[in-house]
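Here the structure comes first, spelled out in structure tokens, and everything after it is commentary.
All values derive from a computational prediction rather than experimental measurement. By convention in this document, chain letters (A, B, ...) are assigned in the order of the sequence lines, proteins followed by strands, and residues within each chain are numbered from 1.
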2 protein chains.
Amino acid sequence: MGKLVTEMLKGTLEGIVLAVLGGRPAYGYEITAWLREQGFSDIAEGTIYALLVRIEQRGLVDVEKVPSEKGPPRKVYSLNAQGREYLEEFWSTWSFLAERLEQLRKGGKQT
Amino acid sequence: MGKLVTEMLKGTLEGIVLAVLGGRPAYGYEITAWLREQGFSDIAEGTIYALLVRIEQRGLVDVEKVPSEKGPPRKVYSLNAQGREYLEEFWSTWSFLAERLEQLRKGGKQT
DNA sequence: CCCGGCTATTTGGTGTTGCTAAGTACCGGT
DNA sequence: ACCGGTACTTAGCAACACCAAATAGCCGGG
């Protein structure tokens, strides 16, 4: 889409990926492909991998190496307890922000 | 609130400020104070000023220096035509993101 | 047989953004 | 004269997404 969405993704992309993993375990390539389908056309390959490394180091996900029939082994990530907790926080922060934005959209500051 | 909201603000804070200015002209100190009231407790003073400089340089706002009775002159910003256009884009990008997030929240990837 | 194409991950460097912290400046009340 | 509130500026830092290129395994076609 463009620069705007790129900047907005800072801070939310992490939550998006955690939410995906909250649905079910997945690996990087798969997540990237899925996001592209969802309309995030310009999410860079490398971005997701870097993000996955980050959340792994923070202990939010567990990792398992699974051989693939079609290429090098996949690193399958799954959300653990700590990750679920963090995801809850993310949603509450998101709600906070979304509410403020929604109010701003209809009304602005003059109220 | 914390680090989470800080990261999420990247990319949205700009839109928030533009939306405020879309309501009516305002100056930095005022905007900061208002945002704090709205619950953005930890938005740093300097952040808003830096942002205002940025959007001014991009030609999204017009500036007028207005003397204040209580301190140094205020720099009052008002959204111009280009700014309004940009704000429209911002809202459309925001909608896109908010919809995807909302779908993720209820449902996840398993669909 | 090896070369291109798909799968899958890694790494290094760049730009934008918000934060921290300190400083400048103007005013009124004590 | 000083302090606290108003109002803006500047310099350095950290986090995050992007781009580009490299690595690596597997497959089928020429």
Side-chain angles (χ1 to χ4, degrees), chain A residues 1-18 25-36 40-58 60-61 63-77 86 90 93 97, chain B residues 1-18 25-36 40-58 60-61 63-77 86 90 93 97:
Chain A
M1 290 204 53
K3 252 191 61 187
L4 256 172
V5 88
T6 289
E7 290 308 322
M8 261 189 233
L9 281 174
K10 292 189 181 177
T12 52
L13 185 55
E14 187 174 289
I16 292 174
V17 169
L18 288 174
Y27 57 98
Y29 194 83
E30 184 187 8
I31 297 174
T32 304
W34 185 76
L35 287 174
R36 294 238 167 97
F40 295 101
S41 44
D42 53 350
I43 284 190
E45 196 79 21
T47 299
I48 297 299
Y49 290 113
L51 196 159
L52 289 168
V53 167
R54 226 156 55 220
I55 62 180
E56 180 189 353
Q57 281 169 351
R58 286 198 211 145
L60 304 178
V61 289
V63 191
E64 196 191 353
K65 226 163 198 159
V66 176
S68 159
E69 323 84 36
K70 300 190 166 187
R74 299 164 173 168
K75 286 178 75 176
V76 174
Y77 295 83
Y86 188 85
F90 169 80
T93 303
L97 193 60
Chain B
M1 292 205 52
K3 253 191 59 188
L4 256 172
V5 88
T6 288
E7 289 308 322
M8 262 189 232
L9 279 176
K10 292 189 181 178
T12 52
L13 185 55
E14 186 173 291
I16 291 174
V17 169
L18 289 174
Y27 56 99
Y29 193 81
E30 184 187 7
I31 297 174
T32 305
W34 183 77
L35 288 174
R36 294 237 168 97
F40 295 102
S41 45
D42 53 349
I43 285 192
E45 193 80 20
T47 299
I48 297 297
Y49 290 114
L51 196 159
L52 288 170
V53 167
R54 226 156 52 220
I55 61 180
E56 180 189 353
Q57 282 171 350
R58 286 199 210 145
L60 305 179
V61 290
V63 191
E64 196 192 352
K65 228 165 198 158
V66 175
S68 160
E69 324 85 35
K70 300 189 166 188
R74 298 165 173 166
K75 286 179 76 177
V76 174
Y77 295 82
Y86 189 85
F90 169 79
T93 303
L97 193 59

Output a table of nitrogen or oxygen pairs between the protein and nucleotides 9-15 of chain D separated by less than 3.5 Å.
from, atom 1, to, atom 2, distance (Å)
D/dT9, OP1, B/Lys75, NZ, 3.2
D/dA15, N3, B/Lys10, NZ, 3.0

For nucleotides 27-30 of chain D, list the nitrogen or oxygen atoms of the protein found under 3.5 Å from its nitrogen or oxygen atoms, one pair per line.
none

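No side-chain heavy atom of B/Arg74 sits under 4.5 Å from any side-chain heavy atom of B/Glu30.
In this structure, the OH atom of A/Tyr27 is 21 Å from the P atom of D/dA24, given to the nearest Å. The separation between B/Ile31 atom CD1 and D/dT6 atom P is 16 Å, rounded to whole Å. The CD1 atom of A/Ile48 sits 15 Å away from the C1' atom of D/dC19 (whole-angstrom rounding). Atom CG in A/Asp42 sits about 19 Å away from atom P in D/dC16, given to the nearest Å.
Across all strands, A/Leu52 comes closer than 4.0 Å to no nucleic acid atom at all (heavy-atom distances).
Checked by atom type and distance alone, the side chain of A/Tyr49 pairs as donor or acceptor with a backbone atom of A/Tyr29 at under 3.5 Å.
When all heavy atoms of B/Lys65 and B/Pro73 are compared, the closest pair comes out as CG-CB, 4.2 Å. Residues B/Gly2 and B/Asp42 share a closest heavy-atom pair of N-OD2, 3.5 Å. A pairwise comparison of heavy atoms in B/Tyr77 and B/Val61 identifies CD2-CG2, 3.7 Å as the closest pair. Between A/Ala26 and A/Ile31 the shortest heavy-atom distance is CB-CG1, 3.8 Å.
Atom CG of A/Leu97 sits about 6.0 Å away from atom CG of B/Leu9, to the nearest 0.5 Å. Taken to the nearest 0.5 Å, the NZ atom of B/Lys10 stands 11.0 Å off from the OG1 atom of B/Thr12. A/Leu52 contributes atom CG, which lies 10.0 Å from atom CD of A/Glu14 (distance to the nearest 0.5 angstrom). Of the inter-residue distances, the one linking B/Ile43 atom CD1 with B/Ile16 atom CD1 reads 6.5 Å to the nearest 0.5 angstrom.
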(message) Could you go through B/Leu18 and B/Phe90, starting from their C-alpha distance and side-chain angles, then the distance that decides it, and tell me whether this counts as side-chain contact (heavy atoms from CB on, under 4.5 Å)?
(response) CA-CA 9 Å; B/Leu18 289 174; B/Phe90 169 79; 5.8 Å; no

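Heavy-atom nearest nucleotides on DNA chain C were determined for A/Gly28 and for B/Thr12, and the one closer to the 5' end corresponds to A/Gly28. With the nearest nucleotide of DNA chain D identified for both B/Val76 and A/Ser68, B/Val76 has the one nearer the 5' end.
The span of DNA chain C lying next to chain A, judged by atoms under 4.0 Å from heavy atoms, is bounded 5' to 3' by C/dT7 to C/dT17.
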